[in-house]
Amino acid sequence: MINSKGARQFLIEEVAAAEAFDFVAVGPAGRPMQMVEIARNESEDLEVRVPGRPPVVPPLSAEVRAGLAERGYASEDADDSAQPWGKEAESPADAVDLALTLLTEVFQAGPELRLDLVHGNHRAAHEARRLLAELRERIERVLEDEMGGAPAQDGEGDYLLPIADVQVVVAPRILPNGPAVVRVFAVTNVNVNVTPELGLFLARMNFNFMFGRFALDSDNRTIVFDEALLGNPLNEEALRFSIRVVAQTADEWDDRLKQMFGGSTYQEVLKQEGRLAVPPAKPGSGDADKEELPLGHGLYL
């Protein structure tokens, strides 16, 4: 139980045994959204953390965020539900007391409730972030050379390249437990008429392409042309080639697709919004580049 001296001592011993990147998550039994992490970072300092939440999960309430802020917890972006809230702890005992206080005072867990305990390790996520940062450095060098200056970026850190009459997006990603990947794509058309004929036409087109493919986002009525490259190691010449092919193919086909299936070319959207715009859809943009659950999102099932 939350107010049990035995439970507190047990948690202290579990936290004391944790090594770098290990974490102990504790919360009321059967309430995975109220779990609180006690984690060791790379230097083995302790941090009490309320994990971030993916878009499919309701964000922390304004009341909970206010309670965290009042108690000295901080987030890189309080308005971004994917960002965790954290506070440093001086010792395992201090960390456990902070975590239990959060459960009772912020999450309003009754002292009689039993606790669930989950062990985990953030090393893989840490390595993924390191690899992604290294990949970004190499991509930026290539793009600066190609564009003659630093490329623009959208809110997710993807690179926006105005080339001819299209916008090419270079999107570095890390697959869970897998390699780094670079998606190179361009939106060709938006608000198209989604019909079986459109799907069949794109499938036939893709069969004949030696490089790249068209993809249809039926939910957003959007067509994109894209290619994916392995990013570790990154073949810089392959990246340059991919950018050129994606730009040329998108520029060649956007008007034709508009004539056949309606909607607008993305070039028309770019002109209306000032040349650079966040794409309405991104291929492979689910949660594959995020930390695996439950490592970063607070779903301890």
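A distance of 12.0 Å separates NE2 of H126 from NE2 of H122, quoted to the nearest 0.5 Å. For the atom pair L102 CG and E37 CD, the distance stands at 12.0 Å (nearest 0.5 Å). Atom CG of residue D254 and atom CG of residue D165 lie 7.5 Å apart, to the nearest 0.5 angstrom. Rounding to the nearest 0.5 angstrom, the gap separating the OG atom in S91 from the CD1 atom in I12 is 7.5 Å. Once rounded to the nearest 0.5 Å, the distance linking CD1 of I223 with CH2 of W253 reads 11.0 Å. Atoms CD and CD, from E47 and E88 in turn, are 7.0 Å apart once rounded to the nearest 0.5 Å.
Among all heavy-atom pairs drawn from D226 and A215, the shortest one is OD1-CB, 4.5 Å. V187 and P279 make their closest contact through CG2-CB, 3.8 Å (heavy atoms, listed as atom of the first residue, atom of the second, distance). Between L132 and R173 the shortest heavy-atom distance is CD1-N, 4.2 Å. Taking all atoms of both residues into account, the shortest heavy-atom contact from E144 to P151 is CG-CD, 4.0 Å. The minimum heavy-atom distance linking R71 with K87 is given by the pair O-NZ, 2.8 Å. Nearest heavy atom pair, residue N121 against residue F23, reads N-CE2, 3.4 Å.
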Give the intermediate values and the outcome of side chain to side chain contact (heavy atoms under 4.5 Å, CB included) for residues Q83 and R53.
-> CA-CA 7 Å; Q83 295 295 328; R53 300 185 175 189; over 6 Å; no
Could you walk me through whether D251 and T188 pass the side chain to side chain contact (heavy atoms under 4.5 Å, CB included) check?
-> CA-CA 8 Å; D251 190 30; T188 60; over 6 Å; no
What do the steps show when you test V166 against Q267 for side chain to side chain contact (heavy atoms under 4.5 Å, CB included), and what is the final call?
-> CA-CA 6 Å; V166 300; Q267 174 189 356; 5.8 Å; no
Verdict with supporting geometry, M35 and V118, side chain to side chain contact (heavy atoms under 4.5 Å, CB included) = CA-CA 9 Å; M35 298 290 277; V118 176; 3.9 Å; yes
Chi angles and distances behind the salt bridge (charged side-chain N to carboxylate O under 4.0 Å, His left out) call for E268, K258 | CA-CA 11 Å; E268 295 168 341; K258 175 185 175 181; 2.7 Å; yes
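Two different hydrophobic clusters hold V15 and F21 under the rule that ILVMFWY side chains link at heavy-atom gaps under 4.5 Å. L230 and V245 end up in different hydrophobic clusters when Ile, Leu, Val, Met, Phe, Trp and Tyr side chains are linked at under 4.5 Å. Using a 4.5 Å cut-off between side-chain heavy atoms of Ile, Leu, Val, Met, Phe, Trp and Tyr, with links allowed through other members, L200 and V192 fall into different hydrophobic clusters.
Within the 4.5 Å cutoff, the side chain of L143 has heavy atoms near those of the I243 side chain. Two residues are said to be in side-chain contact when any heavy atoms from C-beta on lie closer than 4.5 Å; F107 and P28 fail this criterion. Residues D94 and L46 have side chains not in contact (no heavy-atom distance under 4.5 Å, counting atoms from C-beta outward). Using a 4.5 Å cut-off on side-chain heavy atoms (C-beta onward), N193 and R221 make contact. Using a 4.5 Å heavy-atom cutoff, the side chains of P162 and Q167 are not in contact. Contact of the R183 side chain with the P283 side chain is registered, since non-hydrogen atoms from C-beta on lie closer than 4.5 Å. A heavy-atom distance below 4.5 Å is not found between the side chains of N235 and L229. Using a 4.5 Å heavy-atom threshold, the side chains of L100 and V36 count as separate.
A distance-only check finds a donor-acceptor pair linking the side chain of D154 to the backbone of D158 [under 3.5 Å]. D45 places no side-chain N or O within 3.5 Å of a backbone atom of N41 that could act as its donor or acceptor partner. Side-chain atoms of D22 do not come within 3.5 Å of backbone N or O of A39 as any donor-acceptor pair. Looking only at distances, no side-chain donor or acceptor of T249 sits under 3.5 Å from a matching main-chain atom of V246. With hydrogens and angles disregarded, no donor-acceptor distance shorter than 3.5 Å links the side chain of Q34 to the backbone of R31. N189 contributes no side-chain N or O that, together with a main-chain N or O of L257, makes up a donor-acceptor pair within less than 3.5 Å.
Atom CD of E76 has 12 or fewer neighbouring heavy atoms from other residues, nucleotides or ligands inside a 6.0 Å radius. Atom CZ of F211 is surrounded by more than 12 heavy atoms from other residues, nucleotides or ligands within 6.0 Å.
Using a 4.0 Å cut-off between charged side-chain N and carboxylate O, E19 and R40 make no salt bridge. A salt bridge links E134 with R130; the closest basic N to acidic carboxylate O contact falls under 4.0 Å. Ion pairing of R240 with E237 is present here, as a side-chain N (NZ or NE/NH1/NH2) and a carboxylate O approach within less than 4.0 Å. Looking at E156 and K282, a side-chain N of the basic residue comes within less than 4.0 Å of a carboxylate O on the acidic one, giving a salt bridge. In this structure, R213 does not pair ionically with E227, as no charged nitrogen and carboxylate oxygen lie closer than 4.0 Å.
Taking the ring centroids of F201 and F214, they lie at or beyond the 6.0 Å cut-off.
Put simply, the residue from V182, N232, V181 that forms a side chain to side chain contact (heavy atoms under 4.5 Å, CB included) with L135 is V182.
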